[in-house]
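What follows is a short report on a single structure.
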Amino acid sequence: MAFDIDIIFKIAGIGILITVLCQVLKKSDRDDIATLVSLAGLIIVLMLVISMISELFIQIKDIFQLY
Amino acid sequence: MEIFKIVAIGLVGAFCYVFLLSTKSEIAPLVLLATGIVLIIEVVNYLFISISFFKDLASIGEISGSLLTTVLKIMAISYVLEFATSLCTDLNVKSIETKLAFAGKLIIFVISLPIYKELFNVITSFIS
């Protein structure tokens, strides 16, 4: 799938959303939920980035005719 | 021209990284990784043309196919390694970067052994 600049905006958006949510949760002194929210955000972004990495490696394999 | 799009993607990624750094979120380095991947995927298709060019050259110069595949394999390994090590320098994780570089050099050396054998055969054929 052709990556474009919207992937970067999506990740940045998730980052901003997570920080805002964490701030709100911290202010209403629910720190445990804040850490869980930031953890969830990190996992979502990691899944996205890992799928991009696998896409990159598949393309490199095709181009260099490895294996 | 293609280059403007690539530069735009790189700059936008860099600014997103700086912005996320300011909000001290741990997703900032992931934005770096994402922009790196997008940039490389944009450009990696051009490599295909050069590789088919090398294949034509090899067929003309009757270089054995196995040599060319090892050279291509070494190129692929070095690209992937350079991608990983440059990312590690961004995260200033020096130890992993040196280990990655060392592992890559080792693998490239092991893969290039048959080339030495081939070279040796050619030299001995000249001498004898």
Where does B/L30 contact chain A at under 4.5 Å (heavy atoms): side chain, backbone, both or neither?
both
Could you give the distance from CZ (B/F48) to CG (A/D62), rounded to the nearest 0.5 Å?
9.0 Å
Hey, could you give me the CD1/CD distance between B/I37 and A/Q59, rounded to the nearest 0.5 Å?
11.5 Å
Which answer fits B/L33, side chain, backbone, both or neither, if we ask what part of it has an atom under 4.5 Å from a heavy atom of chain A?
side chain
Spacing of CD1 belonging to A/I18 relative to CG belonging to B/L20, to within rounding of 0.5 Å
11.0 Å
Provide the closest heavy-atom pair for B/A34 versus A/I11 in the form atom of the first, atom of the second, distance.
CB-CD1, 3.5 Å
Report which part of A/I53 has an atom under 4.5 Å of a heavy atom belonging to chain B: side chain, backbone, both, or neither.
both
Are A/I58 and A/V49 connected into the same hydrophobic cluster when the rule is that any two of I, L, V, M, F, W, Y join if their side-chain heavy atoms are below 4.5 Å apart?
no
B/L11 and B/F4: same hydrophobic cluster, using ILVMFWY side-chain contacts below 4.5 Å?
yes
Nearest atoms (heavy-atom pairs only) where A/I8 meets B/C16:
CG2-SG, 4.2 Å
Taking A/L46 as the starting point, is it possible to reach A/L36 by hopping between hydrophobic residues whose side chains are less than 4.5 Å apart?
no
Evaluate the criterion side chain to side chain contact (heavy atoms under 4.5 Å, CB included) for residue pair B/L47 and A/F64; output intermediate values, then yes/no.
CA-CA 9 Å; B/L47 269 183; A/F64 283 100; 3.7 Å; yes
Check this for me: B/I96, atom CD1, are more than 12 non-hydrogen atoms of other residues, nucleotides or ligands nearer than 6.0 Å?
no
Evaluate A/L42 against B/I27 for side chain to side chain contact (heavy atoms under 4.5 Å, CB included), listing each step before the verdict.
CA-CA 6 Å; A/L42 187 65; B/I27 297 182; 4.3 Å; yes
Against chain B, label A/I60 side chain, backbone, both or neither, depending on which of its atoms sit under 4.5 Å from a heavy atom there.
side chain
A/V37-A/L39 co-clustered via ILVMFWY side chain contacts under 4.5 Å
no
For the student: nearest non-hydrogen atoms of A/I63 and B/V44, plus distance
CD1-O, 3.0 Å
Most contacts with chain A, counted as non-hydrogen pairs under 4.5 angstrom, among B/T69, B/I51, B/V38:
B/I51
Please flag which part of B/Y79 lies under 4.5 Å from any non-hydrogen atom of chain A: side chain, backbone, both or neither.
side chain
State yes or no: do A/I50 and B/V31 share one hydrophobic cluster built from I, L, V, M, F, W and Y residues joined by side-chain heavy-atom distances below 4.5 Å, directly or via other members?
no
With a cut-off of 6.0 Å (strictly less than), are more than 12 heavy atoms of other residues, nucleotides or ligands near NZ of A/K10?
no
Of B/E26, B/K24, B/E42, the largest count of non-hydrogen pairs under 4.5 angstrom with chain A goes to B/E26
Which atom pair, heavy atoms only, marks the closest approach of B/S25 to A/T19?
CB-CG2, 3.5 Å
Within this structure, what is the CD1-CD1 distance for the pair B/I41 and A/I7, rounded to the nearest 0.5 Å?
9.0 Å
